[in-house]
Amino acid sequence: MNETAPESGAPSGTPPDVFTPAEPGAARAGREFAALARIDRRHAASEPLRRRHLNQPMITPHEAVGLTVALAANPGLLAEEEDGVDRSDLVAALTLVARARGDLDVLEESLLSIAHGRGLTWQEIAFGLGLGSTQAARQRHERLRGRVTGG
C-alpha cells in the first residue's frame with residue numbers, strides 16, 4: 001500500500017502525507033483525527049484486527065498508540081496482507097500520546113473524585129495509587145484537576 005500518495009479528492013498542493021512536518025499553523029486536532037483514521041484503517045479496520053489488542057468498540061488514542069507499539073515490537077501480530085508499521089505510523093502514534101495522556105488524566109481525576117465522594121479516605125486512595133502518603137494523593141488530585149480544567 002502506498003501511503004505517500006495523496007488521498008483521493010485532496011486539493012492540489014496538499015502535502016502527500018499529513019505526518020510529514022507541517023507548517024507551524026497546522027491544527028493539531030486535524031492531525032489527531034488523521035492519526036486515528038490512519039491507524040484504524042491500516043491496523044484496526046475489522047473487528048478481528050481490532051480485537052487482537054484491546055477489544056474496544058472504536059479505536060481510541062490509547063488503543064492506537066498501544067496497537068502501534070505492539071505491532072512494531074511484534075510484527076508476527078500483523079495480518080497476512082497487512083503492511084508493517086512504517087515511519088508515518090510511528091509519527092501518527094507519537095501525535096496521539098499527549099491526547100492519550102490527557103484522556104487518562106480525565107479518567108484518573110474522575111476516579112479520584114468519585115472515590116473520595118463515595119467515602120474513600122485519602123489514605124485508601126494513596127494506597128490504591130501506590131503513593132506513600134495522603135498528602136501525595138491530595139496533591140496528585142489537585143494537579144490532575146488543574147490539568148483537566150485547564151487551571
Side-chain angles (χ1 to χ4, degrees), residues 1 3-4 7 15 17-151:
M1 174 181 256
E3 288 298 320
T4 60
E7 297 289 330
D17 185 346
V18 297
F19 302 108
T20 56
E23 60 276 357
R28 183 164 181 87
R31 286 199 349 254
E32 287 176 354
F33 176 80
L36 279 172
R38 176 190 176 82
I39 293 169
D40 185 47
R41 180 181 72 246
R42 289 178 42 84
H43 302 296
S46 69
E47 207 50 43
L49 293 177
R50 184 172 290 133
R51 286 178 184 266
R52 68 182 164 191
H53 184 61
L54 290 178
N55 194 21
Q56 295 288 328
M58 183 174 188
I59 196 166
T60 64
H62 179 268
E63 181 183 7
V65 171
L67 178 60
T68 302
V69 169
L71 294 176
N74 186 1
L77 293 174
L78 291 165
E80 197 169 305
E81 305 258 334
E82 183 178 10
D83 292 335
V85 173
D86 63 16
R87 295 172 66 89
S88 291
D89 291 332
L90 295 171
V91 173
L94 288 167
T95 299
L96 295 169
V97 168
R99 172 77 183 269
R101 185 177 292 118
D103 290 349
L104 187 57
D105 284 351
V106 169
L107 288 173
E108 184 177 357
E109 193 284 325
S110 297
L111 183 57
L112 291 172
S113 293
I114 291 166
H116 192 254
R118 291 196 179 179
L120 268 69
T121 66
W122 286 111
Q123 183 176 4
E124 291 171 309
I125 292 169
F127 175 77
L129 293 171
L131 300 174
S133 71
T134 59
Q135 181 182 6
R138 283 189 191 125
Q139 288 173 342
R140 184 169 182 150
H141 186 230
E142 290 169 14
R143 280 192 308 273
L144 284 167
R145 184 177 295 162
R147 285 199 300 253
V148 167
T149 61

Non-hydrogen atoms of [X] and [Y] that approach each other most closely:
X: Ala64; Y: Leu36; result: CB-CD2, 4.1 Å
X: Leu144; Y: Asp105; result: CD2-OD1, 3.5 Å
X: Glu108; Y: Leu129; result: OE2-CD2, 3.8 Å
X: Ser133; Y: Ala126; result: O-CB, 3.2 Å
X: Leu90; Y: Ala72; result: CD2-CB, 4.5 Å

Results of side-chain hydrogen bond (donor to acceptor under 3.5 Å, both in side chains) for Glu142 - residues two or more places apart only: none

Gap separating the [atom1] atom of [X] from the [atom2] atom of [Y], nearest 0.5 angstrom:
X: Glu63; Y: Thr68; atom1: CD; atom2: OG1; answer: 10.0 Å
X: Leu111; Y: Leu107; atom1: CG; atom2: CG; answer: 8.5 Å
X: Leu77; Y: Glu82; atom1: CG; atom2: CD; answer: 9.0 Å
X: Arg118; Y: Ser113; atom1: CZ; atom2: OG; answer: 12.0 Å
X: Thr95; Y: Arg38; atom1: OG1; atom2: CZ; answer: 10.5 Å
X: Arg140; Y: Ile125; atom1: CZ; atom2: CD1; answer: 11.5 Å

Side chain to side chain contact (heavy atoms under 4.5 Å, CB included) assessment of Thr60 paired with Leu96: CA-CA 9 Å; Thr60 64; Leu96 295 169; over 6 Å; no

Side-chain donor/acceptor of [X] to backbone N/O of [Y], under 3.5 Å:
X: Glu124; Y: Thr121; value: yes
X: Arg42; Y: Gly84; value: yes
X: Asp89; Y: Asp86; value: yes

Exceeds 12 heavy-atom contacts within 6.0 angstrom, atom CD of Gln139: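 It does: Gln139 CD has more than 12 such atoms within range.
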
Pair Arg99 + Asp103: basic N to acidic O under 4.0 Å: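 The answer is yes: the pair qualifies as a salt bridge.
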
Glu109 bridged to Arg147 by N-O distance under 4.0 Å: no

Test item: Val85 and His43 side chains (from C-beta on) under 4.5 Å apart, heavy atoms: yes

Residues which pass salt bridge (Lys or Arg N to Asp or Glu O under 4.0 Å) with Arg138, listed by chain and number, not counting sequence neighbours: none

Whether Trp122 and His141 hold their rings parallel, tilted or perpendicular, with breakpoints at 30° and 60°: tilted

